Amino acid sequence: MRERREIGLLKVRGATNERILSFLLVKGFIIGGIGGIVGSFIGYLASMHFIKFFSEELILSPEQTISRFLSFYLEVGVGLGIVMLTLATYIPARKTVKMETQKLLQEYLEEVELPKKITKKTLMIFTIGLMKVVETILNTSVAAIIASMEAPENFVVFFVGTIILLADLILIPLGPIFFIYGLTKIVTYYSVKFHKIFKTVIKPLLGELSDMVTKNFSRKTTRTIKIMIITSIVLIYGIAIITVPSLMARQARIFAEAQNGADIFAEPGYVINETQLLENLSKIEGIELVSRVMADNFMFRDIEKLSLLVVIDENYFNVSYFKSSYLKDVSIAEVYGKFKSGENCCLINEYLRDEYGFKVGEQLNMTVLVGENVTKTVKLRVLGIIKALPGIVSIYVMKNRPIIVISYNCLQNNTYIQKLLHGYNLHQYLIDVSEDVNSTEIAEKLESYYEIRSAISIEQVMQKYMDDPLLTIFSLKFCYVEYVFSLTVATFGLSLLVATSILEREREIGLLIVRGMTRKQIVKMVFGETLLMIMVSSLLGIVGGLLIAYGFYLLLIPPEMKIFFINEPIVIPRELYVILSLGITTFLATSLISAWCATRKSLAKMLRMHH
């Protein structure tokens, strides 16, 4: 506000719009450059500590790392500081210098209010942002669709498609910012309709001041939008940055479960007495369940393609990593009972159903060659569809080959089916252990003392997935540090914004005191306004952050693996709550201190005209 009046005075003294704009741009250029230098210097001091924090994962020593990249980050920091401050100065300055001199010199109680309407630009920005957020949630984008299309022969079409592709790639990271910017302005514009809700929420804390606070929230849109946008964006990217690594670690765990099938995947060597071996395994302390599985190829007379016959015992459906969603048209309890009784029944995969027309409840005839030109037919009733077989068959095979699943008891009752299997004694064991037991130690014990050729624990498989470069880059430890830095800068910026806003409201505060409000009530009012803005922006930021994190999570899941991710919840790390609580507490404390300092001044100084 004061700078606006200064511009008015410069115009009165004869300065042109171009000269004033140039002066403001040079000022922004200098401040941006100084800010870039200071920021780089602070980053250098902080990096000395944090690079040592990550030094175990670095090839270069901390000193080598800093010396190699310092000049680069200094150039980038100064460059970004200059560009950002220059742009941030140019947009409002260009509008301000075009205002009438009389309006510039007019005495306002606080900053200029925005027009009480939603502009076309706001709607366009919100629409673009909403589109990108929805694309993220649906795991698709315009860029992905264009990239999957064949290159057109027409040059004009190719050129337009390339421009759209590049524009969409640029909008992918900017989408959440556009969405929050537009949504915040829309929410602020329609906030009058939410007066009763806002008033009800903060009335227990503010009492009779709640009505004034809710009106200030809607009337003073400039300050409200600034704070809400910054807070929402910080929350969005904070939740996304910290939640995504946890989701990726959970994703690695699910991939490991799909590959291993159980806590331990074991391959026996030459087994003399399998019954005795199973009995010995079940007696090992910590082992809760052992399931026998095997698979072999066979040719099905009615199917030209090489099929896969999978044999499992009923315990397979009790293995901890087998889920009910892997079955269709039949329950786990029903399959368990039928497989335990040894009935002539089977499960088939979706490929066999879709490509060859087999249906649930029908008879599947397995024709077996038992002698020269002599065949026997075994009739199996189709119990249901099986979508995944963790630890036995990869999901790619499940999608592209005919698969029939029968029970061990059914196999033992049908000597004809046994003739199909070339390696009847070659099978694997899926072993579940107690929660308080280290599966890797059990696996090592199996290899050392029992007839087990190899045993792989879920932790060993998980470690292979965790060594993936993408997971290393998005390590949770790194993201915590990154977000703490971002939150510190954002909190500092918000605190300065609130402090400046309150100082510019000195005259308004003085008038309120003249009208009978106590200093305590004024501090309470400012605190309530800040709290209400934090509450609304937090709601927007948390919802937006979870949506973006979930969309990015889905983006990393191969389409064929989505069967393993049904009903997987998004888990927010507890540390995020602590970090956000500290930031919000600091922000609210700043508003209280600034309001208290403003009320300490004399009424004469508050009400004095400043030109």
Side-chain angles (χ1 to χ4, degrees), residues 1 4 21 28 83-100 103 108 110-138 141-142 164 167-195 197-198 214-237 239-240 490 493-494 497-498 500-501 529-530 532-548 551:
M1 180 189 69
R4 188 161 65 93
L21 182 60
V83 171
M84 292 174 65
L85 261 295
T86 304
L87 290 177
T89 303
Y90 176 75
I91 296 174
R94 187 184 61 174
K95 294 181 179 179
T96 305
V97 297
K98 292 181 180 179
M99 294 174 64
E100 296 179 3
K103 193 172 183 181
Y108 283 94
E110 59 172 316
E111 69 267 19
V112 183
E113 300 295 337
L114 293 180
K116 298 293 184 179
K117 64 179 181 179
I118 301 177
T119 62
K120 293 181 180 179
K121 183 179 73 173
T122 299
L123 289 176
M124 182 182 69
I125 291 174
F126 172 72
T127 303
I128 294 173
L130 178 62
M131 181 183 70
K132 301 313 297 181
V133 171
V134 171
E135 286 179 357
T136 303
I137 298 170
L138 298 179
S141 67
V142 175
I164 295 175
D168 191 69
L169 290 174
I170 295 173
L171 287 173
I172 288 175
L174 295 177
I177 298 177
F178 284 9
F179 173 71
I180 285 298
Y181 176 82
L183 183 60
T184 301
K185 285 200 168 186
I186 292 173
V187 169
T188 305
Y189 176 74
Y190 287 108
S191 60
V192 177
K193 298 183 178 180
F194 300 111
H195 270 182
I197 298 176
F198 294 158
T214 52
K215 288 180 178 178
N216 285 344
F217 178 85
S218 304
R219 182 171 60 87
K220 300 166 183 178
T221 54
T222 302
R223 184 184 72 257
T224 301
I225 289 175
K226 286 179 184 177
I227 295 175
M228 285 181 60
I229 287 176
I230 296 175
T231 306
S232 300
I233 291 175
V234 170
L235 283 172
I236 278 183
Y237 283 103
I239 292 174
L494 283 169
L497 182 61
V498 170
T500 304
S501 175
E529 292 175 8
T530 307
L532 185 57
M533 287 184 280
I534 289 292
M535 290 171 60
V536 177
S537 56
S538 296
L539 178 62
L540 298 178
I542 290 171
V543 173
L546 290 176
L547 291 177
I548 293 169

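Only heavy atoms go into these numbers, but all of them, side chains included; no hydrogens, no water, no symmetry mates. Keep in mind it's a predicted model, so treat the numbers as computed, not measured. Position 1 is the first residue of the sequence, and the numbers go up from there.
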State the [atom1]-[atom2] distance between [X] and [Y], to the nearest 0.5 angstrom.
{"X": "Thr127", "Y": "Phe178", "atom1": "OG1", "atom2": "CZ", "answer": "12.0 Å"}
{"X": "Glu529", "Y": "Thr214", "atom1": "CD", "atom2": "OG1", "answer": "9.5 Å"}
{"X": "Ile186", "Y": "Leu123", "atom1": "CD1", "atom2": "CG", "answer": "5.5 Å"}

*ring-ring contact (aromatic ring centres under 6.0 Å, His included) against Phe126, all qualifying residues, sequence neighbours excluded*: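 Expected list: Phe179.
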